[in-house]
Amino acid sequence: MTDTANLEALRSEVRSFLEAEKPTDWRDASRTQEDFVQTQRDWFARLVQAGYAIPHWPKEFPGGGRSLAEQKVIYEELAKADCPRLLLSFVSTYHAFATLHECASEAQKAQYMPRILEGETWCQGFSEPGAGSDLAALKCKAVREVRDGQEVYVVNGQKIWSTMAQFADMCLLLVRTSSEGVKQAGITYLLMDMKTPGVSVSPIHQIQGDEEFAEIFLDNVVIPVEQRVGEEGKGWAVAQATLASERGLTLMELSYRMRGALSRVASLIREHGREQDRGVLRDFGALVNEVDAVCAIADQFLDNRIKGLERIGDASIVKNSYSRALRAYSKLGVRLGGIDEQYVKPITFGDLNTGNWMADFMNSYAWSIAGGSEEVQRNIIAERMLEMPREPKNWVL
Amino acid sequence: MTDTANLEALRSEVRSFLEAEKPTDWRDASRTQEDFVQTQRDWFARLVQAGYAIPHWPKEFPGGGRSLAEQKVIYEELAKADCPRLLLSFVSTYHAFATLHECASEAQKAQYMPRILEGETWCQGFSEPGAGSDLAALKCKAVREVRDGQEVYVVNGQKIWSTMAQFADMCLLLVRTSSEGVKQAGITYLLMDMKTPGVSVSPIHQIQGDEEFAEIFLDNVVIPVEQRVGEEGKGWAVAQATLASERGLTLMELSYRMRGALSRVASLIREHGREQDRGVLRDFGALVNEVDAVCAIADQFLDNRIKGLERIGDASIVKNSYSRALRAYSKLGVRLGGIDEQYVKPITFGDLNTGNWMADFMNSYAWSIAGGSEEVQRNIIAERMLEMPREPKNWVL
Amino acid sequence: MIELNELTDAAQKAFPADKLSPARDASWELTAEMGWMMVRLPEDDGGLGLDREASTAIHFEMGRVLSCAPLIPAQLGLQAVIASQTLAERADWLERLSAGEYAPLHMLPANVDVAADGTVSGTVGGVLEGDMAVAVVAKLPTGYALIPTDAEGVELIERPVWDPSRRLFDLVLTGYAPDPALMLSDAEGAAALHDILGPEAHLALAADCLGGATAALALTVEYLGMRKQFDRPLAMFQALKHRVADMKIRITTAEALLWSRARDPQAARLQIAGLKALATDVYQFVTEEMIQLHGGIGLTEEHQCHLFMKRAMLNLQLCGSLDWLNERVGAEALAALS
Amino acid sequence: MIELNELTDAAQKAFPADKLSPARDASWELTAEMGWMMVRLPEDDGGLGLDREASTAIHFEMGRVLSCAPLIPAQLGLQAVIASQTLAERADWLERLSAGEYAPLHMLPANVDVAADGTVSGTVGGVLEGDMAVAVVAKLPTGYALIPTDAEGVELIERPVWDPSRRLFDLVLTGYAPDPALMLSDAEGAAALHDILGPEAHLALAADCLGGATAALALTVEYLGMRKQFDRPLAMFQALKHRVADMKIRITTAEALLWSRARDPQAARLQIAGLKALATDVYQFVTEEMIQLHGGIGLTEEHQCHLFMKRAMLNLQLCGSLDWLNERVGAEALAALS
């Protein structure tokens with residue numbers, strides 16, 4: 001079979017599966033964080049079973065060994081079928097997997113990878129309150145000691161913006177083992193069990209009512225040296241593997257979901273009797289065009305990745321265009337909905353275009369701030385794609 | 001009489017004059033640069049005669065000695081009556097006047113001030129091709145020599161963006177007499193006769209067809225030392241007096257003119273049958289509000305000046321808001337006019353809201369670029385009003 | 001006569017800038033103590049008889065601290081009573097209201113029907129802090145009416161809103177028989193009363209917006225000066241400075257229009273409606289920038305950014321949305337410029 | 001088969017980036033020599049039989065250099081002939097046109113009436129470089145027609161436009177009797193032909209816009225790197241860098257849609273109309289930023305900035321304005337998403 005035929009066969013297969021199995025009531029079943037987590041666990045387990053949960057893993061794992069082109073087909077279909085996004089298992093199957101796969105010891109791999117498929121979830125302990133976009137400025141301190149004859153790190157500090165850490169079993173943790181030299185040096189990468197004494201987690205109340213993120217407080221947390229990935233002080237390089245683990249599929253998936261969700265805007269226009277309002281039709285038309293373009297750039301980005309043609313900055317463009325369109329989409333909803341949208345409605349945890357327009361609107365800021373703010377992306381585009389000069393390092397007040 | 005009653009009396013007086021005397025055919029009479037200049041000369045002469053041309057001059061000049069509040073009344077009425085703006089004589093009556101009045105010798109004052117009222121026009125030789133917003137970086141070089149027993153400066157260099165220099169009799173010229181020390185030092189201020197051998201002027205063809213500005217080329221131009229204002233190397237301080245000469249009246253006048261010109265947008269909406277297009281009505285409404293706000297801020301700025309309450313940055317805000325509104329105004333015109341606006345129509349020299357929408361649109365950039373670009377204004381607002389840190393001087397690639 | 005800056009100073013002292021959204025009931029008491037319900041009450045009625053500028057100054061300050069006390073609907077309710085030609089016990093009501101009893105004007109449309117027997121059923125929207133109200137000033141098809149909240153057939157139902165600084169209620173009428181003695185106008189007089197109250201509402205909301213926007217800008221500048229990234233304060237990054245400058249430009253320009261309209265007793269109804277449209281637009285712009293420039297912290301409930309944004313979003317809808325107002329301003333300008 | 005990058009390379013070689021708006025007649029000759037009129041001509045008709053992507057690539061490159069040669073209307077005219085079911089001497093015309101004779105499709109509305117005797121009077125708008133044309137492909141009420149420019153009752157009247165890279169003409173018909181042998185369709189067939197030509201026109205114009213925007217961005221980046229202010233290159237100022245980054249983001253995203261539509265033979269008519277709307281919007285945005293970021297020099301005729309802006313502004317109006325297209329896209333999406 002040709003590649004194309006293979007892909008189309010896969011597409012039919014996924015479609016058939018989804019037609020039979022896809023959850024339809026998941027939004028109503030995700031009105032609380034706990035219900036959302038349960039919905040996520042169930043759907044992840046079903047996808048693992050069906051072989052669609054970890055297409056990017058090696059082929060020794062059931063459902064693994066898929067090409068990026070095949071992964072794209074699977075995600076496209078999941079998006080078009082409007083299934084729940086795999087948010088809870090996202091860090092486990094992408095970030096934890098990539099870190100383990102590329103940098104961990106065989107013992108670590110053997111210990112953790114199968115458990116991910118059984119539903120163990122991970123969180124990421126990278127960001128810190130003072131660091132923000134400047135990740136390398138992290139301060140969470142680990143001191144190496146011998147306790148009960150065992151070499152351990154004793155960790156103190158605080159992490160923030162850790163996705164669903166309140167439900168996580170394990171954590172990908174960046175700590176500072178030295179403050180000598182450039183700030184990237186002296187960073188060490190640990191795998192931390194969230195049940196270790198001294199770990200406490202506090203969910204972050206987001207302005208739209210979601211609790212997607214949490215803070216992690218580390219108070220004399222003892223982590224065996226065996227839980228380190230890579231060498232001491234070389235954690236920055238390992239973190240790059242973690243961060244590079246997923247770039248492309250999510251934005252493609254989200255863009256297709258936004259295109260699907262344009263029907264919500266159409267419903268709103270009709271509900272509010274604006275079908276004859278030419279200004280509204282123009283604004284809607286412009287939004288349709290913009291969302292189409294975002295789908296196209298997300299597609300193109302993935303296609304380039306598949307062909308090995310990705311350049312620095314490409315991902316920044318996709319992310320920026322997506323967040324711009326999401327903003328326009330949700331703002332139009334808030335505007336057209338009028339006063340109705342100012343009354344609080346039940347939110348859907350973990351979804352971006354729910355038709356609860358104020359929630360969606362506020363949530364859209366997560367995309368222009370988190371994971372490298374729009375401002376940082378613009379710097380990357382200007383300096384690394386367009387080769388404009390960087391700001392000098394010595395430029396300090 | 002109270003102040004208010006005085007002002008209202010002046011207002012009636014100006015109105016009566018304008019009803020009887022104001023030119024009505026001036027736009028059609030300003031389709032070429034030469035006709036425009038003639039219209040300007042005629043109108044200036046009439047206003048000098050009536051006593052409304054130089055209200056800000058001292059009272060020993062006929063029509064002078066007016067308070068800023070009185071000046072505001074006169075300009076308001078000129079704007080509302082849609083008279084030609086006094087563009088050609090602007091540099092003479094404001095910049096040249098202020099410089100002579102505040103910094104020149106008695107001999108210089110006696111020589112030049114009366115001639116301004118007789119119609120002699122001045123231009124400003126400040127900007128240079130390489131300098132732009134960084135005025136102090138000017139390079140035009142003056143060497144002091146003795147020629148025929150007379151002490152003179154021999155000037156070589158180039159000036160740009162000199163308003164109507166091609167019609168000017170005299171020039172306010174900044175030259176560099178020394179390159180020692182900070183760049184503001186070593187600048188000297190001269191009064192140059194435009195008929196001096198070695199002076200040549202080349203009008204700048206603007207993208208909308210106007211020729212409001214010119215370049216001045218200086219090739220071994222000999223200027224007697226007596227033509228210097230202030231001390232050698234102290235020209236920067238004199239230039240500040242020139243630049244401070246008019247801030248406020250013009251933007252108030254222009255804002256009122258834009259408000260008057262909203263009727264052009266209304267006509268356009270009707271001509272193109274968009275009266276029922278709710279989106280267009282909203283866009284027009286938003287423009288009306290914005291123009292009203294610009295009139296209010298221009299008024300407030302002048303009122304604060306009258307009360308001595310002006311703060312650094314106030315002028316930047318007015319200028320930025322005006323140019324923003326002018327852009328919105330002319331863009332809406334271009335958009336509503338459709339293909340009609342892409343056909344070239346005769347321009348009106350020296351006017352900003354003529355209903356030749358493409359010309360007006362392109363001209364609107366003169367307001368966001370010239371006289372301190374929008375970007376420079378934003379720096380001033382951030383650094384000097386909001387007290388955000390300045391960029392370090394040592395920050396060089 | 002009380003000077004404007006005295007009012008402003010007193011307000012800033014009573015409601016300091018570092019205490020956002022102070023507790024509602026205590027604020028309301030303080031508001032009454034400050035005599036702010038007397039500000040617009042004519043001297044003949046025992047008030048201070050101050051003009052729009054004075055109430056605008058107070059609403060501006062209350063916007064700045066995101067006040068939870070419903071001074072705007074209370075003042076509008078009072079003005080309806082002041083302007084009423086028909087209210088039986090007008091003087092009595094004026095005394096009660098200026099002493100702090102709360103009879104707000106509703107700030108969203110009423111959708112009510114009058115039955116053949118004269119009873120009224122339906123919903124009157126946008127009653128702010130309805131739980132505090134002794135009566136609601138409602139625009140009924142038969143005219144403006146004071147509707148006691150404890151009357152038969154009258155119910156207040158809370159409609160929770162995103163803006164945590166406000167509680168919004170529907171006044172639900174079920175066969176409510178309006179008390180003729182409590183009518184503020186008849187059906188014909190309602191239009192005239194509406195023409196008085198509409199501009200007052202728009203001016204007050206515009207002041208609330210621009211006061212809030214001013215505070216949002218100040219907090220943003222402060223945050224950028226304090227927060228460091230890449231070893232320097234965010235305030236040093238020119239791209240952020242330019243965005244902050246744009247916030248300043250838009251706020252200052254809209255504020256100039258606010259005071260210009262507040263001082264002009266001749267300002268036309270739609271000129272003030274246009275001001276409200278502009279001010280809400282600026283407030284939304286400023287709060288969006290505030291969130292973005294605060295980064296992650298701005299997305300958390302513990303930080304104050306979202307309070308400004310949610311208030312801005314609700315203000316956009318009260319007494320006419322941006323779309324609605326701009327459309328009317330545009331249509332009227334078009335008609336006027338013929 | 002010719003690869004896309006071969007076409008692009010050849011175009012860039014023939015029309016180098018540093019020569020903007022090369023002289024029209026020489027460019028047109030070169031265009032014919034390059035065989036670009038053969039690109040979309042089916043192999044059966046002696047052409048290369050390439051698809052939309054190929055012509056899009058060429059139009060993109062011509063947009064990049066602000067080409068004055070009217071390749072877009074020429075290609076559209078040729079496609080009308082290709083698609084014609086009724087043209088008598090179709091093969092002959094195809095040969096002439098692919099060899100470089102110029103019979104453009106008009107790109108603005110026709111406003112013509114048909115008299116009882118079948119003669120036609122009125123104006124056919126938007127004939128680009130009409131002085132070069134041997135005939136014009138015009139949409140008449142009776143169907144698409146090839147109208148020879150030297151026929152009786154036919155006159156070309158120049159309508160000078162702001163865009164100096166183009167000359168626009170009205171085709172004025174005064175009792176012109178259409179030659180039945182030159183009809184490209186009847187009245188019924190006109191809709192089908194329109195559905196073929198519309199998307200082709202929109203795709204070509206979108207390519208022209210995004211090619212132009214790409215060049216405008218490159219020139220802006222170059223200028224900012226070269227121009228110094230306050231002792232450093234403008235390119236070091238972060239506020240300007242962020243604006244340039246936004247130009248890049250918008251161009252790249254719109255370009256992704258361009259190629260996606262160009263490669264998709266199933267793309268719906270309004271999907272391509274939406275692309276044209278987006279591309280023109282981006283082009284205007286980019287050229288406005290280009291002017292502002294160039295400062296004073298951008299306001300002078302001697303600099304190239306204005307050429308881009310004026311072309312962007314004209315493109316906005318050709319084959320449907322931004323307002324018109326967005327409204328139709330919105331209306332259709334609304335209907336489809338019921």
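It should be emphasised that the depicted structure is a prediction, and the values quoted were computed from it without experimental measurement. Residue numbering restarts at 1 for every chain, and letters A, B, ... go by the order of the sequence lines.
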Contact origin within [X] toward chain B - heavy atom pairs under 4.5 Å:
{"X": "D:T300", "answer": "both"}
{"X": "D:R166", "answer": "neither"}
{"X": "D:L322", "answer": "neither"}
{"X": "D:Q284", "answer": "side chain"}
{"X": "D:L108", "answer": "side chain"}

(message) Quick check for you: among D:K228, D:E327, D:M309, D:H303, which has the greatest number of heavy-atom pairs under 4.5 Å with chain B?
(response) D:M309

(request) Among D:L168, D:I291, D:L293, single out the residue with the greatest number of heavy-atom pairs under 4.5 Å to chain B. (result) D:I291

(message) Out of B:S373, B:A366, B:G338, B:A137, return the one with the most heavy atom pairs under 4.5 angstrom to chain D.
(response)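 Among the listed options, the one with the most contacts to chain D is B:G338.
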
(request) Step by step, work out the side-chain contact (heavy atoms from CB on, under 4.5 Å) result for B:D277 and D:D323. (result) CA-CA 11 Å; B:D277 185 324; D:D323 270 11; 5.6 Å; no

(message) To check you understand the geometry: which heavy-atom pair defines the closest contact between D:W162 and B:I207, and what is its length?
(response)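 Closest approach of D:W162 to B:I207: CZ3-O, 3.9 Å.
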
(request) Check D:Q317 against B:I339 and note the closest heavy-atom contact, atom names and distance. (result) OE1-N, 3.4 Å

Working to the nearest 0.5 angstrom, can you tell me the gap between [X] [atom1] and [Y] [atom2]?
{"X": "B:Q208", "Y": "D:E301", "atom1": "CD", "atom2": "CD", "answer": "9.0 Å"}
{"X": "B:R327", "Y": "D:E288", "atom1": "CZ", "atom2": "CD", "answer": "6.0 Å"}
{"X": "B:I160", "Y": "D:I297", "atom1": "CD1", "atom2": "CD1", "answer": "6.0 Å"}

(request) I would like to know whether B:M362 and D:K310 meet side-chain contact (heavy atoms from CB on, under 4.5 Å); could you show each step before the answer? (result) CA-CA 10 Å; B:M362 289 187 275; D:K310 288 168 180 171; 3.5 Å; yes

(request) Can you establish whether the number of heavy atoms outside B:K141 located under 6.0 Å from its atom NZ is more than 12? (result) no

(message) Surrounding CD of B:E271 (heavy atoms of other residues, nucleotides or ligands, distance under 6.0 Å), is the total greater than 12?
(response) yes

Region of [X] in contact with chain D, defined by heavy-atom distances below 4.5 Å:
{"X": "B:I204", "value": "side chain"}
{"X": "B:F213", "value": "neither"}
{"X": "B:E374", "value": "both"}
{"X": "B:A136", "value": "neither"}

(message) Between D:H306 and B:Y365, is the side-chain contact (heavy atoms from CB on, under 4.5 Å) condition met? List the steps.
(response) CA-CA 11 Å; D:H306 74 114; B:Y365 279 88; over 6 Å; no

(request) Answer yes if the side chains of B:E375 and D:Q292 hold a donor-acceptor pair under 3.5 Å, and no otherwise. (result) yes

(message) Pair B:Q342, D:L316 - check side-chain contact (heavy atoms from CB on, under 4.5 Å), show working.
(response) CA-CA 10 Å; B:Q342 296 309 310; D:L316 268 161; over 6 Å; no

